[in-house]
A.B. asks: 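Have a look at the structure that comes next, please.
Since the structure is predicted, the reported quantities are computational estimates derived from the model, not experimental observations.
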Amino acid sequence: MKLYFYRSLTLFWLALLPQLGHSSTLLNSTLESLRETKTVAFDGVPLLSGRLLAEFYARRGNALVWTTPARVAELLHLTHESQTEGFAPEDFHVTTLRALSAPDALNSLAEPARIAADLKLSDALLRYVHHTRFGKLDPLEVDPQYNDRDPVPASVLLKDMLGAVDAVDMQGFLATRQQHPFWYNALKEALTQFIPQADIADLPPLASGTNLVKGNRDPRIPLLRERFHILNGHKSTAFTLPDADLFDAQLYAEVVAFQRRFGLFPDGVIGPTTIATLNQPVDVEKADRIRINLERMRWLFNDLASDYVFVDVANYQAHVVRDGAIAWSTRVIVGQTDSQTPMFRDTMNHLVLNPTWTVPISIQKTMGQVSANYMVVDRQTGRKSNGGNVSNYRRYRVIQPPGPKNALGRVKFMFPNRHSVYLHDTPNKSLFARSSRALSHGCVRVENPVKLAEILLHESDWDRARIDQVLDGSKTRYVNLQQGLPVLLYYLTAYANAPGKVSFRPDIYQRDQRVKELFAAPVLSARIAFPDAKMLPLVAPPAPVIMPAEDDGTDDAADEEQLQEVNKKPPSPLPAPQEPVRLTQMEN
């Protein structure tokens with residue numbers, strides 16, 4: 001992530017403000033300055049969004065928020081707990097929080113420093129709410145070509161922050177506000193295998209020997225206690241138990257829990273396999289991969305309904321989720337490395353049965369005369385042509401009518417998006433037998449599309465017999481879903497099928513390294529949408545549509561290529577990040 005140049009409201013600047021009046025004037029003036037400053041820092045501590053913080057204080061009457069050490073201690077506890085989500089406490093100004101959580105730390109500060117401290121504490125809360133709900137990184141900053149997401153709504157952040165500071169239990173309130181899907185919780189649980197392991201990595205290895213069972217005494221027992229004490233989140237390893245070398249009931253319960261977490265047989269016996277697992281070195285790389293995939297998950301799951309379609313790109317699978325659980329799955333084919341399937345979320349609104357396929361210009365340029373299996377349309381008149389050299393793509397458009405050999409197969413699942421990516425059938429069924437299925441031009445080919453259509457249209461009074469009746473004919477039919485269904489296309493190189501059971505996938509698109517680097521770096525600002533903000537477009541308005549394309553090469557959409565070559569006006573790229581708060585603009 002680029003380190004942007006930003007203006008700092010330093011303590012020196014604040015020290016000049018008391019001449020403006022009493023403390024409320026000082027705070028009001030500071031907050032008003034924040035509204036107009038896109039990037040700001042106090043004592044080198046950057047604030048994620050000055051305007052959002054100004055709105056937060058305005059909702060509270062422009063009064064100081066953090067008035068007791070206990071409240072600061074709660075916030076400090078949240079930062080430490082954030083490690084279970086894959087974050088580092090440093091993401092939330094943990095050094096500042098520790099200093100300000102001391103009993104007299106806030107009261108001992110002079111007025112300008114007291115205001116600065118309060119703002120830094122509020123920014124730590126803002127970052128916690130923003131990062132845990134929407135992710136630390138802006139996916140468009142990571143990769144604007146293959147990631148999409150709208151700016152984060154200011155209203156959601158404010159509601160979470162205001163509720164948190166007013167709640168008796170800050171952590172409990174935020175937990176109720178952020179409902180995570182099952183696949184996020186499962187991968188989060190998998191991370192717990194790695195965090196404590198890092199704390200025991202420097203301990204001497206446990207010696208092998210006879211199996212230890214409950215009731216045994218052995219000189220290795222205190223060392224076992226030390227390990228489990230740390231694995232359970234405690235830093236101190238001092239023991240004062242009179243029977244520290246006794247394998248008692250408490251240690252037995254900890255051993256069983258450890259064995260279950262790591263997929264071992266939970267017999268409570270300390271044998272060679274359990275000792276080897278306790279001694280195994282920490283796999284830092286796998287831990288990092290889990291963290292960055294938790295981050296990817298956070299980009300798209302906010303306010304996710306219980307029913308949706310989940311496309312697991314890196315695992316070549318698509319899942320229908322009903323009531324928050326996988327109800328049905330099928331194999332899919334995704335984009336090749338030079339035409340990658342993007343990661344985004346949109347809403348499926350209709351299906352096309354017996355779709356036509358418009359031959360993309362990239363293929364049409366290589367064609368001469370075509371058979372009767374294709375229809376040639378004059379682009380200027382819109383009328384069917386009886387022949388001619390169809391390689392003249394400026395004049396002709398070539399369409400493949402519905403049929404068993406149609407490149408889109410028999411069903412197409414539509415969720416309009418700027419990538420012109422969708423799910424569809426394919427006549428090339430043999431490709432689904434391959435283990436690696438990054439073979440398409442960007443769209444997602446579905447192995448069992450008719451079954452998927454049957455599942456999705458169930459509530460629209462379309463049973464399998466009615467679908468088959470249409471598919472047996474040659475007429476194209478558009479069928480609306482009774483209700484729009486979220487579609488999530490995720491690129492995940494780590495995924496847990498059950499709590500603690502994590503699998504790692506090849507990074508087929510080589511996207512992990514950039515996410516890893518940015519996730520480890522500090523974030524200076526966020527892309528936030530305020531109610532009066534005018535959204536800037538993700539891309540420039542498209543060129544006039546002459547003839548829209550259905551798909552490319554063998555299966556996928558090529559609308560952008562069609563428009564680029566026919567109209568000789570290439571689409572504008574996404575804007576380069578020049579401002580820390582991107583794609584939102586305050587009206588004058």
Side-chain angles (χ1 to χ4, degrees), residues 139-140 145-150 181 183 296-297 299-313 316-322 326-335 339-358 407-426 440-460 462 467 476-492 537-539 542 545 548-552 555-560:
L140 269 72
Q145 181 177 4
Y146 292 117
N147 291 329
D148 266 337
R149 191 187 67 188
D150 291 335
W183 30 270
R296 284 187 175 118
M297 289 178 173
W299 295 346
L300 302 180
F301 67 43
N302 183 57
D303 290 337
L304 184 63
S306 59
D307 293 355
Y308 51 93
V309 174
F310 184 107
V311 180
D312 190 352
V313 173
Y316 315 114
Q317 292 277 325
H319 310 286
V320 176
V321 177
R322 299 292 196 194
I326 293 176
W328 181 81
S329 302
T330 186
R331 288 182 289 189
V332 299
I333 292 170
V334 300
S339 53
Q340 302 175 15
T341 298
M343 177 172 155
F344 66 98
R345 171 179 169 179
D346 222 300
T347 302
M348 185 185 299
N349 50 34
H350 72 278
L351 279 61
V352 184
L353 304 180
N354 291 329
T356 61
W357 175 55
T358 300
L408 300 181
R410 297 189 295 167
V411 188
K412 183 168 63 170
F413 304 85
M414 298 301 293
F415 40 101
N417 58 86
R418 75 175 178 92
H419 303 280
S420 295
V421 163
Y422 44 83
L423 278 65
H424 65 78
D425 186 13
T426 175
S440 80
H441 294 265
C443 283
V444 179
R445 308 180 204 170
V446 181
E447 182 179 27
N448 297 304
V450 181
K451 180 62 177 179
L452 177 58
E454 180 185 359
I455 293 172
L456 299 184
L457 293 178
H458 176 71
E459 296 178 353
S460 301
W462 277 76
I467 295 172
T476 300
R477 181 73 180 268
Y478 293 80
V479 184
N480 291 328
L481 297 182
Q482 187 177 56
Q483 184 174 356
L485 188 67
V487 179
L488 289 77
L489 284 79
Y490 266 112
Y491 180 77
L492 302 174
L538 288 175
V539 293
V545 177
E550 290 281 357
D551 210 321
D552 71 3
D555 69 328
D556 304 310
D559 289 350
E560 289 186 353

A.B. asks: Out of curiosity, Thr341 OG1 to Tyr316 OH, how far, rounded to the nearest 0.5 Å?
C.D. replies: 10.0 Å
A.B. asks: Does some side-chain heavy atom of His424 sit less than 4.5 Å from a side-chain heavy atom of Pro355?
C.D. replies: no
A.B. asks: With a 4.5 Å cut-off on side-chain heavy atoms, are Leu304 and Pro486 touching?
C.D. replies: yes
A.B. asks: Verify, without hydrogens or angle tests, whether Asp425 (side chain) and Gly409 (backbone) share a donor-acceptor contact under 3.5 angstrom.
C.D. replies: no
A.B. asks: If the condition is side chain to side chain contact (heavy atoms under 4.5 Å, CB included), which residues does Asp312 pass it with, not counting sequence neighbours?
C.D. replies: Phe310, Asn315, Gln317, His319, Leu492, Tyr495, Arg505
A.B. asks: Please tabulate, for side-chain N and O atoms in residues 344-353, each donor-acceptor pair with protein atoms closer than 3.5 Å (sequence neighbours left out).
C.D. replies:
{"unit_1": "Arg345", "atom_1": "NH1", "unit_2": "Leu300", "atom_2": "O", "d": "2.6"}
{"unit_1": "Arg345", "atom_1": "NH1", "unit_2": "Asn302", "atom_2": "O", "d": "3.0"}

A.B. asks: Do side-chain atoms of Ser460 reach the backbone of Leu481 as a donor and acceptor pair under 3.5 angstrom?
C.D. replies: no
A.B. asks: Is Asn448 close to Trp328 at the side-chain level, that is, under 4.5 Å between some pair of heavy atoms?
C.D. replies: yes
A.B. asks: With sequence neighbours excluded, tell me which residues meet side chain to side chain contact (heavy atoms under 4.5 Å, CB included) with Asp307.
C.D. replies: Arg322, Asp323, Leu485
A.B. asks: Within the structure provided, determine whether Leu423 and Val311 are in side-chain contact (heavy-atom separation under 4.5 Å).
C.D. replies: yes
A.B. asks: Can you tell me how far NZ of Lys451 sits from CG of Leu456, rounded to the nearest 0.5 angstrom?
C.D. replies: 11.0 Å
A.B. asks: Not counting sequence neighbours, which residues clear salt bridge (charged side-chain N to carboxylate O under 4.0 Å, His left out) with Arg296? List them please.
C.D. replies: Asp512
A.B. asks: Please name all residues satisfying salt bridge (charged side-chain N to carboxylate O under 4.0 Å, His left out) with Glu447, sequence neighbours left out, ordered by chain then number.
C.D. replies: Arg331
A.B. asks: Report the distance from atom NE2 of His419 to atom CD of Gln340, rounding to the nearest 0.5 Å.
C.D. replies: 11.5 Å
A.B. asks: Could you tell me if the side chain of Met343 sits less than 4.5 Å from the side chain of Val313, heavy atoms only?
C.D. replies: no
A.B. asks: Which distance, rounded to the nearest 0.5 Å, do you find between the CZ of Arg445 and the CG of Leu408?
C.D. replies: 10.5 Å
A.B. asks: Would you give the length of the straight line joining atom CH2 of Trp462 to atom CG of Asn480, rounded to the nearest 0.5 angstrom?
C.D. replies: 10.5 Å
A.B. asks: Applying side-chain hydrogen bond (donor to acceptor under 3.5 Å, both in side chains), can you list everything that pairs with Tyr308, at least two apart in sequence or on another chain?
C.D. replies: Trp183
